[in-house]
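Below you'll find the structure, written out as structure tokens, and then a few comments.
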There are 2 protein chains.
Amino acid sequence: MGEGSGSGTIRPGGRTARVRASVLRAAGDALAERGFAQLDLADVARRAGVGKTTVYRRWGSIAALMADLLIELAQESVPHTETGDLLGDLRANADLVRRTLRDPRQGALFTAVIAAATWDEPTARALRQFYDSRVTEWAPCVAQAIDRGDVPAGTDPREVIRAVSAPLYYRLLTHGELPDEAAADRAAKAAAAAARAGVFLAGHTDSSV
Amino acid sequence: MGEGSGSGTIRPGGRTARVRASVLRAAGDALAERGFAQLDLADVARRAGVGKTTVYRRWGSIAALMADLLIELAQESVPHTETGDLLGDLRANADLVRRTLRDPRQGALFTAVIAAATWDEPTARALRQFYDSRVTEWAPCVAQAIDRGDVPAGTDPREVIRAVSAPLYYRLLTHGELPDEAAADRAAKAAAAAARAGVFLAGHTDSSV
DNA sequence: ACAGTAATGGTTCTCCAGTTCCGTTAGCTC
DNA sequence: GAGCTAACGGAACTGGAGAACCATTACTGT
């Protein structure tokens, strides 16, 4: 019988990692400089000093490249302090989102990934995974607010965190407006007010507010 | 000197209107059946029974075609009843958004237009215009709530309406989830709670909630 | 150190989205 | 209802994105 069953050793080290890193950096540069619409894999390969064959083989599409760029970004977890105050924590979260979306490179990346995710399923998965991990990082501060009795028991922490991001992304995507401090502040306050009013109680759809 | 300055008569009637209508219908069909990524102008032209030259000349790009499709949709204003109750009105609004996004044709159109708007400025303008008119249609119900003293004076009605849509679009775009009744209900309640708490007071950024 | 083989890279080729060209059709004006 | 020309349509053309091919490079395990 055949030994080793055909699957050779994987080689993520050395050159492969170097190629991946330089392609991702080049892709980020190209995205920031020329924008999503003008992205072309051959140009990325040229900037990265890498054969375009390699880029086509390993990523295959702009969408996949964007997704990989997002995964790379997701590695660097942004630690956050907890203030012991729901509104303070949500403000910190809103401010993180605001700064992320306003950052030229990251902002362009997020709009590009969201756009690509509307037609490319792997990219959509990467995007979901990114937000799920972000939400998981931030949910504890809502859980603590529940423990303090600041927010009704049974509130879904994840839903509260998502409520903070929603208006900021919505404005960016539908109106092209980068969120400013006031918008971030409103987003945090609105989420806090809704959470305190019991809007995010899990399970049942209550008629009362 | 040249007389008439070169601008001939415009001919929007008859054939031109017919061509536009059939191309838009075909584009909507193609979008619903094959999805945004597989859209191609030649196929749209074939479906419409129209020369592809015509489609390229009059629209020139998928993005422009999507924008035109949205403008067409914006014509049919959806009249809405006013219940005399803020939450009721916001629920009606949330439900309109929910039904729009769940409708196969309209939902696909909106995600396509939002994606295209991230790189195509004319499409972005069409999108902004669409939402501005929708928001303008719905803002009065918030104004009435202010008059009734249901919501603090100085609240920005448009901001409240936008707050209803935000979480529904956010979920769709970042998680690929079509909004259900529960989500629409939460969106309406969250916006109402935040509005009543004075989160959408125009002008100043207040530290208190 | 050395064999074995992932993985890369240059080149060439293919194919089709988008353009150009020009003849034809049919609104608009008088 | 006749002429003018805006707008359409078929066909041929083209440029460049992406695939195919195979030689070359350099990780990995022994």
Side-chain angles (χ1 to χ4, degrees), chain A residues 2-27 30-31 34-68 112 115-116 119-120 122-123, chain B residues 2-27 30-31 34-68 112 115-116 119-120 122-123:
Chain A
E3 51 183 337
S5 74
S7 80
T9 50
I10 304 166
R11 299 180 182 177
R15 180 169 58 168
T16 298
R18 221 152 42 232
V19 164
R20 185 179 118 99
S22 71
V23 168
L24 291 185
R25 184 165 32 73
L31 179 62
R34 305 175 60 84
F36 183 60
Q38 261 64 42
L39 272 189
D40 119 75
L41 293 192
D43 177 55
V44 170
R46 217 174 304 119
R47 287 166 179 262
V50 154
K52 78 169 182 170
T53 309
T54 301
V55 177
Y56 276 107
R57 186 171 29 228
R58 289 191 50 184
W59 288 276
S61 73
I62 298 287
L65 197 48
M66 295 296 101
D68 209 7
W119 70 75
D120 184 72
T123 303
Chain B
E3 53 184 334
S5 75
S7 81
T9 51
I10 303 166
R11 299 179 182 177
R15 180 170 58 168
T16 298
R18 221 154 40 235
V19 165
R20 184 180 119 99
S22 70
V23 168
L24 291 184
R25 184 166 32 72
L31 180 62
R34 306 174 59 83
F36 183 60
Q38 262 64 43
L39 272 189
D40 123 71
L41 293 193
D43 178 54
V44 170
R46 218 175 303 119
R47 287 166 179 260
V50 155
K52 77 168 183 170
T53 310
T54 301
V55 177
Y56 277 107
R57 186 169 28 227
R58 287 192 50 184
W59 286 276
S61 73
I62 299 286
L65 197 51
M66 295 296 101
D68 208 7
W119 71 75
D120 185 71
T123 304

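Every value quoted in this text rests on a predicted model; they were computed, and no experiment measured them. Order of the sequence lines sets the chain letters (A, B, ...), proteins ahead of strands, with each chain counted from 1.
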Tell me which nucleotide among [options] gets nearest to the side chain of [X].
X        : options                   : value
Lys52(A) : dG18(C), dG18(D), dT25(C) : dG18(D)
Leu41(B) : dC8(D), dT25(D), dG18(C)  : dG18(C)
Tyr56(A) : dG9(C), dA19(D), dT8(C)   : dA19(D)
Asp40(B) : dT8(C), dA7(D), dA17(C)   : dA17(C)

In whole angstroms, how far is the [atom2] atom of [N] from the [atom1] atom of [X]?
X        : N       : atom1 : atom2 : value
Asp43(A) : dG16(D) : CG    : P     : 13 Å
Arg15(B) : dT24(C) : CZ    : P     : 14 Å
Leu39(B) : dC16(C) : CG    : P     : 17 Å
Arg46(A) : dG9(C)  : CZ    : C1'   : 15 Å
Arg18(B) : dG9(D)  : CZ    : C1'   : 15 Å
Trp59(A) : dG18(D) : CH2   : P     : 15 Å

Please classify the nucleic acid contact of Arg20(B) as base, sugar-phosphate, or nothing, using heavy-atom distances under 4.0 Å.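 Arg20(B): no heavy atom of the nucleic acid under 4.0 Å.
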
With sugar-phosphate meaning primed atoms plus P, OP1 and OP2, does Arg58(A) contact a base, only sugar-phosphate, or nothing at under 4.0 Å between heavy atoms?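 Sugar-phosphate only.
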
If you look at every heavy atom in Val44(B) and Val23(B), which pair is closest and at what distance? CG1-O, 3.8 Å

Shortest non-hydrogen separation from Thr123(A) to Ala63(A) and the atoms involved: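 Scanning both residues completely, I find the closest heavy atoms to be OG1-O, 3.1 Å.
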
N/O (side chain, Arg57(A)) to phosphate O (OP1/OP2, dA20(D)) under 4.0 Å: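 Result: no.
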
Run through Leu31(A), Leu39(A), Leu41(A) and flag the one making a side chain to side chain contact (heavy atoms under 4.5 Å, CB included) with Leu65(A). Leu41(A)

Apply salt bridge (Lys or Arg N to Asp or Glu O under 4.0 Å) to Asp68(A) and Arg58(A), showing your working. CA-CA 11 Å; Asp68(A) 209 7; Arg58(A) 289 191 50 184; 5.9 Å; no

With distance as the sole criterion, do the side chain of Thr53(B) and the base of dG10(D) form a donor-acceptor contact below 3.5 Å? yes

Geometric class of the Trp119(B)/Trp119(A) ring pair [parallel <30°, tilted 30-60°, perpendicular >60°]: perpendicular

Return whichever of Gly60(B) or Gly14(B) has its heavy-atom-nearest nucleotide of DNA chain C closer to the 5' end. Gly60(B)

